[in-house]
Amino acid sequence: MHRRFPGGMEGKIGDGMGIKVAKFGGTSVADAKQIGKTVEIIRADADRRMIVVSAPGKRFETDTKITDLLYLLKTHMEQNAPYGQVLQIVRDRFLETERELGVNADVADEFRIIEARLEEGASADYIASRGEYLSAKIVAAYLGYDFVDAAGLICFNAKGRFLPDETRQALGAALSARDRAVLPGFYGTHPDGTIKTFSRGGSDITGALVAEAVNAEVYENWTDVSGFLMADPRIVENPKGIDFISYKELRELSYMGASVLHENAIYPVRLAGIPINIRNTNRPEEKGTLIVSDEIAKERAGGRDIITGIAGNRDFTVIAIYKNMMSAEAGFIRRVLGILEDYDVSVEHIPSGVDTLSLVIADRYLDGKLDDIVDDIERKAQADSVEVFENMSLIATVGSGMASRKGVSATLFTALANVGVNIRMIDQGSSEMNIIVGVENADFETAIKAIYAAFIGTDRA
Ligand code: ADP
Ligand code: ASP
Ligand code: MG
């Protein structure tokens, strides 16, 4: 791994021979106007040679993303309801963009193929992937770049497990022969050629894989915010931007709910030492956030705030287990975790105290199993008592500078107490760069605003 650091980010990276991989999210390719901005950005720097695009996203607040329409179409199919209208809406959006850009990307022909596949009962993954596929065809045609399909290049095994080595090799071979290309994000193929998608937001992963495969100078991730912000802008009004952040901090924040970049987009580029630059398609003059190695982030972060960011998610259940002399009883924790395994439920966090153990579980895994699990813990693990807290949110306050500062937890707890928010659970990760608190769902936004105000400044919201 060698150290890289792009200097001024305005197109002076390397010696002109470098390759920049630029991924454009849904809002950046939502319609002809947005594609116009995207193409202007690509043309402004000759190094932006490998482009990855999402499916068209929302054009305005109440609009629907193409990917959501495609999943809706599949739901109609499964319910044996007519899906023609939804298909028409999707087709019209692509046809309109193709017409407004004045390109020929064979959209009408492509929809004839899609329609035939739908009649044969196409899979949800195939249907969802067509958003990215058509988006890439249109952008490639408009730019005059090669269209390179992700099918056969992003590889999964027959069970749907992602195959990094095969993918690196296939992408490297396909792209080394090209000067410039546009690829669809979000999907790849099983060995039999059928389509498999990543989870939602997965075009970020495709971008990272392409960056790794071509050994890019930088992986640019273009979206609708000027980089990673210290808190979700939908909760805190006008949060401060983050200039530099380490891969580790970013991963903690992404995992905990800051949805700017897919959490799995970080590994491939981190291993290769490729910096990620998150930027705003609507404000290309802003530098955005640069995600770099821990050492570089530290070097660059002089004088910055104690915390790097705040992120959170709703809808968890906490099962608090009490047992006298718990730590003296060999195998207790194993028995408790074994019970969850029996129910096929994964645990998000396991904070523990002297005689207590809490299990933090995302509600989507519980699905009617809670009573049986609690019953089993009481009986099989012979707990003294079990308490259940439902409708909980988890909020993570993250920052690599936290470990060396005194009083960070005190500031956080005082801030929450002052706005009357009860903390139901605390988990200070072993990484010492993360304090997670559990609060009631109803207090989620109040708590994030209070933490932001305590560490960063007054929240004007
Ligand atoms: P794209 O379609 O370009 O991939 P996403 O919607 O996936 O974009 O991600 C960008 C969005 O992430 C922003 O519009 C913002 O609402 C949301 N977001 C959540 N937390 C943060 C944060 N900490 N910083 C910036 N944006 C955030
Ligand atoms: N279009 C997909 C989604 O909406 C993938 C992506 O945008 O990254 O989840
Ligand atoms: Mg995204």
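Just so you know, ligand 1 is whichever comes first in the structure, and atom 1 is the first atom listed for that ligand. In this chain, residues are counted from 1 in sequence order.
- For ligand 2, the polar-atom distance check against Glu132 finds a nitrogen or oxygen pair separated by under 3.5 Å.
- Checked by distance only, ligand 2 and Ser203 come closer than 3.5 Å through their nitrogen or oxygen atoms.
- Within ligand 1, counting atoms from 1 as listed, the ones closer than 4.0 Å to a heavy atom of Lys23 are 4 (O).
- Remark: distances from the non-hydrogen atoms of Gly131 to ligand 2 are all 4.0 Å or more.
- Annotation: Gly201 places an N or O atom under 3.5 Å from an N or O atom of ligand 2; distance criterion only.
- Atom CZ of Arg283 has 12 or fewer heavy atoms from other residues, nucleotides or ligands within 6.0 Å.
- Residue-level proximity to ligand 1 for Leu229 is carried by backbone and side chain together, each with a heavy atom below 4.0 angstrom.
- Distance from atom 27 (C) of ligand 1 to its nearest protein heavy atom, with residue and atom name: Val260 CG2, 3.3 Å.
- A cation-pi contact, defined as under 6.0 Å to the ring centre and within 45° of the axis, links Arg130 to Tyr187.
- Contacts between Met230 and ligand 1 below 4.0 angstrom, taking non-hydrogen atoms only, are absent altogether.
- At a 4.0 Å heavy-atom cut-off, ligand 1 touches Pro233 through the side chain alone.
- Of the protein's non-hydrogen atoms, Asp224 OD1, 4.0 Å is the one closest to atom 11 (C) of ligand 1.
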